[in-house]
Amino acid sequence: MTGRVSAVRLRALLDVDAVDRPGYRDIAERVRLLVIDGRLPSGTQLPSERDLTTALPVSRTTVTRAYAELREAGLLVSRRGSGSVVTLAHDAGASGMLAPADAGPGAIGWTVAASAAAPGVGLAYAQAAAALPAYLHQSGYVMTGVPALREALAARYTERGLPTDATQIMVTGGAVAALGLIARTLAVRGERVLCESPTYPNAIESVRRSGLRPVAVPLDEDCWHLPSFEATLRQAAPRLAYLIPDFHNPTGALMDAATRDALGAALTRARTTPVIDETMVELVLDGDDDAMPPPFAASAPDAITIGSASKSFWGGIRIGWVRASHDMVRLLVDTRHSADLGSPVFEQLVLVELLARRAEVLAEHRAALRRQRDELATLVTDRLPGWQFTVPPGGLSLWAQLPARVSSTLVIAAAREGLILTAGPRFFVGAGGERHLRLPFAREHDDLAEAVTRLARAYQRCRDRTDPPSTAAMHALTA
Ligand SMILES: Cc1ncc(COP(=O)(O)O)c(C=O)c1O
């Protein structure tokens, strides 16, 4: 037993809102996906039918039939005294099977696209320790960030072709924290946020948890297709647009300069504020910095840009930032007061040191990632014939297109091989994703080779059905 999920929480997870009246199949389907990708781990107790009926805009019969369907599919068991409990029938007794931490010894967690610290991060910590005493006579509360860091970040934007001064920067506890703050500050509950689909799953979650509604614009062939964006801007009038133009997660695509200009103009016309996530921007793996298009905000003056040290240097630094107009920074600071009072000084100093040696640190980091990307591409080509992908010009993962709609099935089969992946649908806003799998390459060769070996084994089983999921329920689960 891993705990219980309340009716209100389940409603949020199911993404049901007041104007959405899902049928019982729809509810069962949404629960099925939550179970598959681990958001409802095996062992979780669902709310009673009565409580869920109260929380959802549907009848008791709909909930009863949805639970019955899940029971029939082997995803739910009813236990006296503990209500309806999520179970993965093929893996009785496992708890949170799809979560790397629970996957058992020897399991490879392949759900996170992040690397070990870039070379030079340790040295930056030592240098920051030497710089720290100069700050100790101050209070340590700096809502917008340590001035030296704000200046260094502003200088980097200016260098990239977007003139910026330090007062346009606010340091945060990472890019996701910045996104949550922007969503809470600018949008009113129920407003829409345009998102690429696929996109970064934590961003979808952050938008939803802020009470906003993500609206999908599909990336066709991993590209930004302007008419689709214009149509959604017209039809949905979103308040914000969350975009990842620089080595998009998960596709790795890079938006070209002309599309930035055209999309920026469309967003400005529609009065939709772009929130541009540049977390991956420094992970240039082909060409060099000079070949990069200008920052998106150069094409959309109202854009709010968010950045992070997490991928360029190390996730453990836990520092990100916002670049926006002075007025916007002031507004964000106002909202921030109620949540937190600034970011740690020491880690900001670490980032100051890293930015001072940026070119040298990134050169080594990029070289390692480039090698790992090419190794993974070769492994997938050799071991998984029929899988397609475009070698991304930057970022941290390959976005593989599978020969069939088997992503969730495969994720479950891979978990049985001790390989924990994120199912394609998690990256999509609404429907989609069963043909895709994200394969992060930020790992050493042996790890990549072992991961692909396990993946190929799992895929073979799915294809041949020589070792089909052990109950009929699993077929239903992945149909
Ligand atoms: C697009 C994108 N934004 C944000 C993040 C997380 O950033 P942070 O660690 O600064 O919150 C990630 C991490 O994978 C990401 O891919």
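Just so it is clear, the model here is predicted, and its values are computed rather than measured. Counting convention: from 1, in listed order, for ligands and their atoms alike.
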Under 3.5 Å, sequence neighbours excluded: what are the donor-acceptor pairs made by side chains of residues 172-185?
unit_1	atom_1	unit_2	atom_2	d
T172	OG1	G174	N	3.3
T172	OG1	G174	O	2.7
T172	OG1	G320	O	3.3
T172	OG1	W321	N	3.4
R184	NH1	G180	O	3.3
T185	OG1	L181	O	2.6
T185	OG1	T335	OG1	2.9

Check residues 389-401 and write down every donor-acceptor pair under 3.5 Å in which the side-chain atom is one partner and the other belongs to a residue at least two apart or another chain.
none

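Remark: side-chain polar atoms of R366 are not paired, donor with acceptor, to backbone N or O of L285 under 3.5 angstrom. Between the side chain of T272 and the backbone N or O of P238 there is at least one donor-acceptor pair closer than 3.5 Å.
Taking a heavy-atom cut-off of under 4.0 Å, ligand 1 is surrounded by G174, A175, V176, Y200, Y242, I244, N249, D277, T279, M280, S308, S310, K311, R318.
In plain terms, the two heavy atoms of P163 and Q168 that are nearest each other are O-OE1, 4.2 Å.
Identified under the salt bridge (Lys or Arg N to Asp or Glu O under 4.0 Å) test for residues 157-182, with sequence neighbours left out: R156-E159, R160-E278.
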